[in-house]
Structure formats: structure tokens, C-alpha cells
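Encoded as C-alpha cells, here's the structure I'll be asking about.
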Amino acid sequence: MSKNKNNKAVWSLRIKKNSSSIFKKVGSSIYVDKRLFKEDISGSIAHVEMLFKQKIISFKIKNKIIWGLNKIRNEIIKKKFNFKIEHEDIHMNIEKRLFEIIGEDAGFIHTARSRNDQVITDFKLWLRKSTDEIVKLLNTSIKIFLICADKNIKTIMPGFTHLKNAQPISFAHYLLAYVEMFQRDKKRFKNNLENLMENPLGVAAIAGTSFNIDRNFTTKKLKFNKPTKNSIDTVSDRDFVIDFLYAVSVCSLHMSRFAEEFIIWNSDAYKLIKLNDKIVTGSSIMPQKKNPDPLEFLRGKAGNSFGNLFSMLTILKGLPLSYFKDMQDDKELVFKSFDQLKYSLLILNDILKNFSANKKRMLELARSGNIVATDLADYMVRELQLPFRKSYEITSKIVNYAESKRKNLDEMDINELKKIEPKLNEDVLKIFDLGNSIKSKKSYGGTSFENIKKMINKYKKEIK
Ligand code: ARG
């Protein structure tokens with residue numbers, strides 16, 4: 001076979017003119033999907049092993065192809081492979097190279113398959129691997145959150161609702177909220193595995209194949225659970241792409257909320273946390289500045305992830321079944337989202353290792369805004385057997401009074417309180433202690449120090 005022929009598109013006998021050069025350039029996906037080369041080669045090896053087992057190709061040809069594919073894998077790993085834009089994508093680049101290495105027998109590789117099933121097989125294999133990688137990264141972040149939480153069990157701060165002081169909480173409890181979010185993220189990624197474990201290989205272009213293939217064989221070889229059930233759906237389906245992009249989006253959203261909160265807390269107005277020099281950047285004009293750029297990076301990248309999810313949804317929404325070129329962009333979107341998530345998680349870890357809680361300021365802020373008012377209302381329900389709505393009213397009056405006297409609740413003396421509710425006695429004063437307030441929130445999932453200790457231990461055991 002002449003070298004010349006191999007440089008031509010496989011359809012060059014049928015399509016007489018070279019395709020538009022601009023389209024060739026921008027329609028090629030090789031610089032994106034070359035990232036799938038390992039999966040493409042594993043998929044092809046499983047495919048030819050199956051073709052041999054089913055007596056569709058000979059032992060000799062199978063071995064020749066596998067030998068060639070292994071050689072190609074090495075060339076790519078060693079960066080000695082010349083990716084060609086004119087061969088459009090990773091699948092054609094590898095096939096064309098196989099011709100160069102083993103000659104015409106390479107032509108047997110594409111028996112009973114199409115790039116339509118090939119590309120999703122590769123993609124699903126890649127997504128399985130990357131899902132594992134993300135779960136591991138999430139576990140690392142969770143472990144660091146737990147270390148921070150451990151150090152801050154007794155760190156008292158105001159819990160905010162509407163960004164107004166609400167009730168006293170332990171800072172550790174706040175950190176553990178993120179552990180819960182990341183635990184759900186892990187679950188969300190793992191749930192996607194069920195669909196990712198269905199093997200598309202063998203559905204060919206759209207209709208299946210007339211060859212007596214064994215899809216269960218390639219399923220086993222490639223460690224899928226079962227073959228997909230409908231050839232049309234299989235080549236049309238990109239739900240697994242949307243699921244992945246959605247999982248990345250939600251995880252990025254969690255990081256973005258964390259980032260926003262830390263940006264606020266780090267501001268000169270709040271000063272609840274301090275970022276050390278490793279995780280701030282300076283200003284080109286204002287010498288005094290230390291800006292929380294890494295946190296802003298997390299918040300910004302979440303927007304990018306949502307964009308990728310919406311791109312994919314939009315690409316698919318008007319597509320009839322089955323395969324269309326439109327779908328080719330799925331890889332770029334997923335790779336971008338994956339990379340961003342990975343970098344974001346690594347940056348998050350750096351942030352968690354390089355900040356400290358300003359405990360004094362947290363306590364000071366917790367002391368303002370009468371945040372034990374709910375505790376006072378609860379106390380009167382318990383001790384004076386009042387209906388909650390009644391004790392809520394009395395507490396409102398007490399808060400109004402304190403405010404009029406420019407006092408905090410804990411600065412009121414018992415006589416002032418008695419003026420508003422005569423049945424109160426000195427015992428009530430313990431309610432104004434922030435630590436007591438936190439200790440009292442023993443309900444399951446609440447912020448009591450005891451609960452937090454138990455939760456930290458529970459997570460530690462789960463993550464190991
Ligand atoms: N590069 C293509 C993609 O990623 C592979 C599938 C091509 N199939 C086709 N019929 N043109 O979508």
C-alpha cells in the first residue's frame with residue numbers, strides 16, 4: 001500500500017474532493033480527544049480479541065493488530081506519535097498509524113464497529129476512571145475539613161441566616177456542613193457509574209451488526225457490567241455526559257459557596273478568618289493589599305462548569321436520533337470541567353491548610369445581635385411551661401427593652417428581666433452563656449460539642 005493512500009481519508013474513493021480546508025481544521029477533534037488514546041487502544045484490543053474468539057478474524061491477524069496497537073500506545077506515551085489534523089480524531093489517527101505499522105491487515109480492526117460506538121466506549125471508560133479520581137480527591141478534601149473541624153470544636157461563632165446573626169454555633173459544625181456536601185458529591189459521582197457501566201461497544205453505527213459478535217465478551221474484558229440494550233439509543237445517548245457535567249457543577253457550586261463565604265469572612269469588615277500569605281495575592285498599585293484570589297478562582301470556575309453543562313444540554317436538545325457531529329464537542333466540555341474541578345479541589349485543599357479562624361473576633365461577633373434570644377424563648381417554654389408563641393412574645397419585649405437601653409441580653413440584670421416577666425429568676429442568666437447555648441443543641445444533627453465530636457469520629461471511620 002502506498003504511503004500516499006494512507007494519508008487520504010478512508011472515504012476518499014467515494015468523496016472525490018478534499019473537504020474544505022477550514023472545516024478540516026476546525027472540525028478536527030484530535031487535539032481534544034487524543035486524551036482518550038489509552039481507552040481507545042484498550043477498546044480496540046478487546047474488540048479484536050472478541051472478533052478472533054468469534055472466528056471473525058484469524059489468530060495471526062488478531063496478534064498483529066494487538067502488537068501494532070501496543071506499539072502505538074508506546075509511541076503516544078513517549079510523545080513520538082505524530083497526531084495529524086487531517087485524520088480528524090483519535091480513532092482515525094490510530095487506525096491510520098496501524099496501517100503504517102502492520103499494513104493492509106489493519107483494515108480488519110474496524111469489522112463490526114463504527115466510530116459511533118467506539119467513541120462512546122472510550123469516553124465511558126475515561127469517565128469511569130476520572131470518576132474514581134474525583135472521588136479520591138473529594139476524600140482528601142474531606143479529610144482536611146475534618147482536621148480543621150477537629151481544631152475548632154470549641155470555636156464559637158454566630159451562625160448566620162440572611163447573613164444576620166442567628167444562633168451561636170461551633171465553627172467545626174460549619175466546616176462539617178461542607179463535609180456533608182462533599183459526601184453527597186461523592187455519591188452523585190458514584191451514582192453515575194451505573195450508566196457508565198453499560199457497554200456501548202458492538203452497536204456499531206446505529207443498527208447493530210450482521211457479524212456474530214459477542215458483546216458480553218467485550219463487556220467482561222473492558223470491565224463493564226452489561227451491554228447496552230438498544231443500538232439506536234446507544235449511539236444517540238449522551239445522558240452520561242450530562243450527568244457527569246451536572247455532578248461537576250454541583251460540586252463546584254459547593255466550592256463556590258464556601259469560597260464566597262470565606263471571601264466575606266476574610267473581608268476587612270468581618271475579619272472572622274485570616275488567610276496566610278500562601279493563598280493571597282497582591283495588588284499592582286496598592287502595596288497594602290492581600291487579596292483572596294484563590295477563593296475567587298473557585299467561585300469563578302463554578303460559573304464555567306455550569307456553562308459547560310448548559311452547552312451540552314443545548315447541543316442535545318434539538319438533535320433527532322441518532323449520531324450527529326454536534327456531539328463531538330462533548331469531550332471538550334467534559335475535559336474542561338474535569339480539569340477545572342480537579343484544580344479547584346487542589347486549591348481548596350491549599351486554602352484549608354492555610355487559613356486560621358480569628359477566634360476572638362468570632363466570639364466578639366457572636367456576642368452581638370442578641371443571638372441567644374431563641375434560647376431564652378426555649379427556656380421559658382421549659383421552665384415556665386409557656387406555649388412557645390407566648391414565650392417568643394415575651395422574649396421580643398425583652399430584646400426590645402435591651403435594645404432601647406443599648407444593652408446586650410447578657411448585660412441585663414435579673415430585675416430588668418423580671419419587670420417584663422415576673423416569673424423569671426436568677427437561673428435564667430445561664431441562658432446568656434454562648435457555650436451553654438451550643439451545648440444545649442443536642443438534637444441529632446445539631447451543633448452541640450458532643451454531637452460534633454461524634455460526627456467527626458463517624459466521618460473519620462467512613463473515609464478511611
Ligand atoms: N470524533 C467523533 C466524535 O467525537 C467520533 C465519531 C464520529 N462518527 C461519525 N459518524 N462521524 O463525535
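Throughout, numbering of the chain's residues begins at 1 and tracks the sequence. Each ligand, and each atom within it, is numbered from 1 in the order the structure gives.
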Review point. Is Asp330 salt-bridged to Arg238, going by a charged N under 4.0 Å from an acidic O?
Key: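 Salt bridge flag = yes for Arg238 with Asp330.
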Check your understanding: In terms of residue, atom name and distance, what is the protein heavy atom nearest to atom 5 (C) of ligand 1?
Key ->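 Checking every protein heavy atom, the shortest distance to atom 5 (C) of ligand 1 gives Asp89 OD2, 3.5 Å.
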Side-chain atoms of residues 142-153: list all donor-acceptor pairs with protein atoms under 3.5 Å, sequence neighbours left out, distances to 0.1 Å.
from   : atom 1 : to     : atom 2 : distance (Å)
Asp150 : OD2    : Lys460 : NZ     : 2.7
Asn152 : OD1    : Thr155 : OG1    : 2.7
Asn152 : ND2    : Cys148 : O      : 2.9

Review point. Aromatic rings Trp265 and Phe171: how do their planes relate, parallel, tilted or perpendicular, breaks at 30° and 60°?
Key: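 Taking Phe171 first and then Trp265, their aromatic rings sit tilted (interplane angle of 30° to 60°).
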Practice item. Check each atom of ligand 1 against the heavy atoms of Val119 and keep those under 4.0 Å away; list them by number with element. Key: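 Here the atoms of ligand 1 in question are 4 (O).
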Exercise for review: Determine whether the aromatic ring centres of Phe37 and Trp126 lie less than 6.0 Å apart.
Suggested key: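 No - the distance between ring centres of Phe37 and Trp126 does not fall below the 6.0 Å cut-off.
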Practice item. May I ask you to list the atoms of ligand 1 that are less than 4.0 angstrom from any heavy atom of Ser29? Key: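 Near Ser29, the atoms of ligand 1 are 1 (N).
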Practice item. Look at atom 4 (O) of ligand 1 and say which protein heavy atom is nearest, naming residue and atom and giving the distance to 0.1 Å. Key: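 Among all protein heavy atoms, the one nearest atom 4 (O) of ligand 1 is Lys331 NZ, 2.4 Å.
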Review point. In the protein, what heavy atom is nearest to atom 8 (N) of ligand 1, and what distance, to one decimal place, separates them?
Key: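 Nearest protein contact, heavy atoms only, for atom 8 (N) of ligand 1 is Asn116 OD1, 2.9 Å.
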Point to revise | Residue list, ring-ring contact (aromatic ring centres under 6.0 Å, His included) with Phe83, at least two apart or on another chain | key: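 Expected list: Phe81.
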Point to revise | Protein heavy atom at shortest distance from atom 11 (N) of ligand 1 | key: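 Sorting protein heavy atoms by distance from atom 11 (N) of ligand 1 puts Arg115 NH2, 3.5 Å first.
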Review point. Is it true that Glu450 and Lys439 make a salt bridge, defined as a side-chain N closer than 4.0 Å to a carboxylate O?
Key: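 Salt bridge flag = no for Lys439 with Glu450.
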Exercise for review: Looking only at protein heavy atoms, identify the closest one to atom 6 (C) of ligand 1 and say how far it is in Å.
Suggested key: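 For this ligand atom, the closest protein heavy atom is Tyr323 OH, 3.5 Å.
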